[in-house]
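Notes to accompany the following structure.
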Amino acid sequence: MPERSPDRPPPRAFWSGTIAFGLVTVPVELLPAVRSRRISLRMLAPDGTPLSRRYWCPEDERLLDPAEIVRGYELDEGGFVVVTDEELDALEPEKTREIDLQRFVPRDEIDPAHFERAYFLAPSGESTKAYRLLAAAMARDGRAGVGRFVMRGKEYLAAILAESGILRLETLRFAAELRSPEGVGLPEPPEADPDRVEELGRAIDALAADALDPSELTDVWADRVEALVARKASAGEDVVEIPEVIAEEAAEAEIVDLMEVLKRRLRGEGEDEGRRGPARAGLSAGELEDRTKKELYDLARDLEIEGRSSMTKEELLDAIRRTA
């Protein structure tokens with residue numbers, strides 16, 4: 001595993017609870033096993049002002065305020081059923097701190113297409129004995145634990161895997177999210193020509209390797225964009241300054257640390273027991289952009305930001321920073 005860069009802080013645990021099955025409980029903390037490397041290109045006005053997205057009503061021929069916008073579920077026969085934030089909040093699963101394992105299955109029986117997002121499970125508390133025993137037993141048997149847990153108001157299906165004494169959690173796509181070959185209209189494959197199979201087998205053998213080299217898994221396009229930006233920035237080419245008023249607002253947003261808002265909630269100031277705890281402790285102002293839109297929406301709900309249901313991810317980010 002590559003070493004962490006000394007100038008970057010380690011990721012923080014943002015969920016804690018227990019792995020539970022039968023009479024066994026193993027206290028754990030959840031840490032991200034992946035990091036986003038998205039190339040974010042903002043839309044700007046000619047003077048460098050970042051643009052914001054607004055919603056236009058073609059019926060009334062006017063821009064709508066976020067508080068006026070509602071969400072609707074489109075019906076197959078036409079029309080929409082309007083669903084409010086309060087109705088959706090009432091449907092959230094019961095809050096729990098358990099990863100409820102329901103089955104242990106051979107690892108190879110889980111189709112990789114089900115894997116969605118990877119996390120590390122770190123032992124929590126002073127004793128790591130139960131964690132080490134579970135990791136060793138699962139690795140010995142080559143099995144994965146499959147179960148469910150609730151994080152930030154959403155229930156996830158998950159698989160727990162053991163590798164080199166470390167437990168990893170993979171959130172899983174639900175069965176209904178995967179398409180079958182028949183479902184996308186693929187025909188029944190014809191019988192393959194044995195001679196051609198032999199020929200292609202030799203071509204595959206020529207490129208065979210004993211293991212996958214992680215250095216080959218690079219985002220070439222992202223590297224090229226970053227090199228282009230670095231070259232133009234160092235040459236002062238096409239660089240536009242943020243207008244002074246906006247720059248001051250951005251500086252103020254950085255000074256007001258979102259962590260202070262969350263710490264107040266952890267102390268019970270303005271937040272009920274169900275929304276306290278380590279699930280929020282991993283979010284700081286600098287880490288917001290790595291959150292999913294669903295995670296940003298949940299934070300916007302906790303901060304009571306109006307019109308959040310109709311906001312894009314960028315608008316949620318801006319609204320959370322302003323509110324903080």
Side-chain angles (χ1 to χ4, degrees), residues 1-5 8-37 93 96-152 154-178 204-205 207-218 277-279 281-282 290 292 295:
M1 182 179 299
E3 295 185 1
R4 178 177 58 86
S5 173
R8 295 188 60 154
R12 299 170 179 168
F14 56 87
W15 185 94
S16 68
T18 58
I19 299 172
F21 60 97
L23 299 178
V24 177
T25 58
V26 182
V28 292
E29 294 179 337
L30 201 63
L31 299 102
V34 296
R35 58 183 173 218
S36 174
R37 196 202 170 191
T96 176
R97 287 288 173 188
E98 284 190 354
I99 302 173
D100 181 19
L101 294 185
Q102 300 163 342
R103 292 285 186 276
F104 285 90
V105 301
R107 288 186 52 164
D108 294 342
E109 288 299 308
I110 302 178
D111 188 338
H114 281 285
F115 291 142
E116 187 171 33
R117 190 173 180 87
Y119 299 88
F120 288 120
L121 286 168
S124 177
E126 297 181 359
S127 175
T128 63
K129 182 178 180 180
Y131 180 98
R132 289 184 284 110
L133 288 174
L134 178 59
M138 290 177 62
R140 182 200 64 186
D141 296 341
R143 294 186 180 274
V146 179
R148 298 173 184 270
F149 75 110
V150 176
M151 179 172 63
R152 298 192 178 106
K154 180 181 177 181
E155 185 178 65
Y156 291 86
L157 186 63
I160 294 179
L161 314 172
E163 294 178 349
S164 304
I166 300 295
L167 294 178
R168 194 178 82 240
L169 182 145
E170 294 271 358
T171 56
L172 301 177
R173 295 182 177 91
F174 296 101
E177 295 181 271
L178 298 186
I204 292 172
D205 290 340
L207 296 175
D210 293 333
L212 179 65
D213 184 355
S215 66
E216 297 178 359
L217 306 179
T218 57
D290 287 336
T292 66
E295 292 166 345

Next on the checklist: Apply side chain to side chain contact (heavy atoms under 4.5 Å, CB included) to residues Arg117 and Val34 and explain how you reach the verdict.
Outcome noted: CA-CA 8 Å; Arg117 190 173 180 87; Val34 296; 4.0 Å; yes
Checklist entry - Ala136: what forms a side-chain contact (heavy atoms from CB on, under 4.5 Å) with it, not counting sequence neighbours? => result none
Item to check | Derivation and outcome, side chain to side chain contact (heavy atoms under 4.5 Å, CB included), residues Leu30 and Met151 | outcome: CA-CA 10 Å; Leu30 201 63; Met151 179 172 63; 3.8 Å; yes
Item to check | Flag side-chain contact, heavy atom, 4.5 Å: Ile160 against Phe104 | outcome: no
Checklist entry - Hey, does Leu121 have a side-chain heavy atom less than 4.5 Å from the side chain of Ile19? => result yes
Item to check | salt bridge (charged side-chain N to carboxylate O under 4.0 Å, His left out) partners of residues 131-142, not counting sequence neighbours, each pair once | outcome: none
Checklist entry - With Leu212, which residues qualify under side-chain contact (heavy atoms from CB on, under 4.5 Å), at least two apart? => result Glu216, Leu217
Checklist entry - Among all residues two or more places apart in sequence or in another chain, which pass the side-chain contact (heavy atoms from CB on, under 4.5 Å) test with Ala113? => result Asp111, Leu178
Next on the checklist: Contact between Thr18 and Ile99 at the side-chain level, heavy atoms closer than 4.5 Å - yes or no?
Outcome noted: no
Checklist outcome for this item: Applying ring pair (Phe, Tyr, Trp, His ring centres under 6.0 Å) to Phe149 and not counting sequence neighbours gives Trp15, Tyr156
Next on the checklist: With side-chain hydrogen bond (donor to acceptor under 3.5 Å, both in side chains) as the rule and sequence neighbours excluded, what pairs involving residues 163-178 come up?
Outcome noted: Arg107-Glu163, Glu163-Arg168, Arg168-Glu170
Item to check | Asp100 side chain reached by Phe21 side chain, heavy atoms, under 4.5 Å | outcome: no
Checklist entry - Does the side chain of Leu31 reach to within under 4.5 Å of the side chain of Tyr119, using non-hydrogen atoms? => result no
Item to check | Pairing residues for Leu133 by the side-chain contact (heavy atoms from CB on, under 4.5 Å) criterion, not counting sequence neighbours | outcome: Lys129
Item to check | By side-chain hydrogen bond (donor to acceptor under 3.5 Å, both in side chains) - contacts of Ser215 (at least two apart) | outcome: Asp213
Checklist entry - How close do Ala139 and Ala162 get, heavy atom to heavy atom, and via which atoms? => result N-CB, 4.0 Å
Next on the checklist: Please find the pair of heavy atoms, one from Gly165 and one from Ala135, that lie closest to each other, and give the distance.
Outcome noted: O-CB, 3.8 Å
Next on the checklist: Could you report the tightest heavy-atom contact between Ile110 and Ala144, atom names first, then the distance?
Outcome noted: CD1-CB, 3.8 Å
Checklist outcome for this item: Smallest heavy-atom separation, Pro32 atom then Phe120 atom, equals O-CD1, 4.1 Å
Checklist entry - Between His114 and Ala175, which heavy-atom pair has the shortest distance, and what is it? => result CE1-CA, 4.1 Å
Item to check | Any side-chain heavy-atom pair of Pro106 and Arg143 under 4.5 Å | outcome: yes
Next on the checklist: Within a 6.0 Å radius of atom CG on Asp205, are there more than 12 heavy atoms belonging to other residues, nucleotides or ligands?
Outcome noted: yes
Item to check | Partner residues of Phe115 under the ring pair (Phe, Tyr, Trp, His ring centres under 6.0 Å) criterion, sequence neighbours left out | outcome: none
Checklist outcome for this item: Taken in chain and number order and not counting sequence neighbours, the residues that satisfy salt bridge (charged side-chain N to carboxylate O under 4.0 Å, His left out) with Arg148 are Glu155
Next on the checklist: Quick one, Leu172 and Glu116 - any side-chain contact, counting heavy atoms below 4.5 Å?
Outcome noted: no
